[in-house]
Number of protein chains: 2
Amino acid sequence: MDLNERKLKILQAIVSDFIHSAEPIGSRTLSRKYGMGISPATIRNEMADLEEMGFLTHPYTSAGRVPSTKAYRLYVDDLMHRYELSDEEKQKIRSKLMTNLAEFDKTIEHAANLLSEFTNLTSFALTPKQEEDKLKYINILPVDETTVVLMIVAESGKVSNTVLKLKSAYTEEHINLLSKVMTYNYKGKKLSDIRTLEIIRNFETDIEAMGRLADTILPNFLSTLDDMLNVDLYLDGVTNIFSIPEYNDIEKAKVFLEMVNQKKHFTEVLVNRDSGVIITIGDENTEEFMRECSLITATYRINGKLVGKLGVIGPTRMKYDKITSVIEYMTDNLSTGFALTGGEEDEH
Amino acid sequence: MDLNERKLKILQAIVSDFIHSAEPIGSRTLSRKYGMGISPATIRNEMADLEEMGFLTHPYTSAGRVPSTKAYRLYVDDLMHRYELSDEEKQKIRSKLMTNLAEFDKTIEHAANLLSEFTNLTSFALTPKQEEDKLKYINILPVDETTVVLMIVAESGKVSNTVLKLKSAYTEEHINLLSKVMTYNYKGKKLSDIRTLEIIRNFETDIEAMGRLADTILPNFLSTLDDMLNVDLYLDGVTNIFSIPEYNDIEKAKVFLEMVNQKKHFTEVLVNRDSGVIITIGDENTEEFMRECSLITATYRINGKLVGKLGVIGPTRMKYDKITSVIEYMTDNLSTGFALTGGEEDEH
DNA sequence: ATTAGCACTCACCGAACAAGAGTGCTAACA
DNA sequence: TGTTAGCACTCTTGTTCGGTGAGTGCTAAT
């Protein structure tokens, strides 16, 4: 039994109809709606074959057919038509996304906003993972008698600052010295390595007050470094889940929302995905908690190097054609936008 | 008809029973469970009175009684017993909250985490509103040829930095000069006023490159200032809503989640509440979208001055006694913790 | 190979019904 | 006069049951 032309056509019709209607589809409706010159009975025979081949399932004896993961896979890989964004859509994306590329974080956040707006799904954007990032310098800045700001700047441009309340007063001289010593020691070192380096405190012997200062600042310095290694997750459109019929069940909605609210774990899953446009459907997902979802992610580049991610998560029944087009358009624009200095133009 | 002792006792029993069970309570059950030496019939008479007085309602003829907003109000003001935190509870709060007060933002985030954990509700924490905050200095730091970090430090210690991608290269000399000019112009000015001040650009006439630099940086400077004036909202435990029977209805859960996800609006509502422990119940809330909820907020102080907020939101049927105790304990600890420098000890 | 016909299967819907919890009222009681 | 027992009544909740409709699988005819 092989997948002849007609079977493909039927499968295509079933998948795309189900994606829009969320209702199992029967032979009669199919024949009527897609008038393909064959009778319901014939379609039934073909559908039975397709079911045997694993492309369709029955929710129960005698309801219409529903596509399986395998069917979605085939649909995504071979069957679906490319969705072309209209000029208005492109215009809208570009105007919201590209007008102020200067502020990186905001741009990324806007990307997530746009994506959920266009797809009516839950969207997310991740800042780049900067494993190789190196420390550029450290600044300790005065605020008031017992408060300083610890500022760490990495070569990538990532900055982190932490307001630190000290147990006792400090002198400007001491914090400047400490900044310099720390910068001297860690400049050019990979952020991820610094924790494992021995903490150099040769000033400790010199001045007792400096030692106390360092005692407060160093632990916070390390935890701030950890923060810098984390990518940031921007989520948007989580409540869109409520307008999806599959999630009319309170229990399912709960599971979904708990999943995306486990930000740490969720981020980890996203970070570990490959580059490029990646679609994983239903039980193709290795994570137990997203076996009922499909996940589409794509990567954007900054100066052709570092990669961040952009994507959506929703039910397996999603508009793969439109979504991939939108995501691709957005990541392409981001990548070129962030490559004004002239990064390489390699492409898969 | 007046609220005699017995009526109060009955009301008290109804409210506290309903808070735990979420079920309308009838005269028989009440008499059995709280064996107060009066028969169901008598209780029925009293309940009828209480209903007439507006303290109770009937969901329908012949189901038990349910407390009204007015009843909760009375309960909260006069009837409820003070909940004393156990030593373990206190210990747990203090250890999670007070171990690293140095990192302000993290501490506030932990406060929200703790609060939702203790109350099984949706909790939130707000950083202080710093309307009077003044600019301390501005720093523009180099990252790479076309990227700088714009850093703004306020007198309160609040820091904001934005990674800015410039359209063309800059020189260190120019960004240093621009930092100085900007600091000179805006130092000591209230953040909220700076936008309305005329933007001083006397350097523009001098050097053309400086003008271009300023053109990119100034708009971002202003929008960053706006960000600094906003308070940050830390939300936690939003999915707790799913374990509350009242929200087993998908429609209600949706409305609730959309409400708290409107972060801007939600924050605004919270910011505008009075200081101290404030409880608003059901339709006491002026905001249409939280008429079915109760909201408890309390304020913490930093050096006795600036105030941030901490609170929970949930169904009107919440454990007011425990929640207020927990919140109060937390804000008290935060306030004293943040007052190490020795702020005034005024109290309401 | 295709199709008409037919018996069969389920989910879904609404009606009917019983059970249970609770009320309001009346009349008796202390 | 306040309290209580008794009782009829109300309304929700859960269950059962039959009808309806969409859809299937199989068989026999085309």
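It should be emphasised that the depicted structure is a prediction, and the values quoted were computed from it without experimental measurement. Quick note on labels: first sequence line is chain A, next is B, and so on, each numbered from 1.
Contact check for Lys263(A) versus Leu235(A): side-chain heavy atoms found under the 4.5 Å cut-off. Side chains of Leu257(B) and Phe242(B) form a contact here, defined as non-hydrogen atoms less than 4.5 Å apart. At a threshold of 4.5 Å between non-hydrogen side-chain atoms, the residues Asp17(A) and Glu23(A) do not count as touching.
At whole-Å resolution of the value, CG in Leu50(B) and P in dG22(C) are 17 Å apart. The CZ-C1' distance, from Arg6(A) to dA1(C), rounds to 8 Å in whole Å.
Here Glu89(B) pairs with Lys322(B) in a salt bridge; the nearest charged N to carboxylate O distance falls below 4.0 Å. Using a cut-off of 4.0 Å between Lys/Arg side-chain N and Asp/Glu carboxylate O, Glu284(A) and Arg291(A) are scored as not salt-bridged. Look at Lys7(A) and Asp49(A) and you find a salt bridge, because one of the NZ, NE, NH1 or NH2 atoms lies within 4.0 Å of a carboxylate O, short of that distance. One finds no salt bridge joining Glu84(B) and Lys90(B) here, because no Lys/Arg side-chain nitrogen approaches an Asp/Glu carboxylate oxygen to under 4.0 Å. A salt bridge links Glu246(B) and Arg317(B); the closest N-O separation between the charged side-chain nitrogens and carboxylate oxygens is under 4.0 Å.
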- Going 5' to 3' along nucleotides 16-30 of chain D, which nucleotides have protein heavy atoms under 4.0 Å from the base (write B), which only from the sugar-phosphate (write S), and which from neither (write -)? ------BBBB-----
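When each of Glu46(B) and Tyr60(B) is assigned the nucleotide of DNA chain D with its nearest heavy atom, Glu46(B) is the one assigned upstream, toward the 5' end.
Proximity of residues 10-18 of chain A to DNA chain D (heavy atom under 4.0 angstrom from any strand atom) is not detected for any residue.
Note on Ser39(A): every side-chain N or O is 4.0 Å or more away from OP1 and OP2 of dT2(C).
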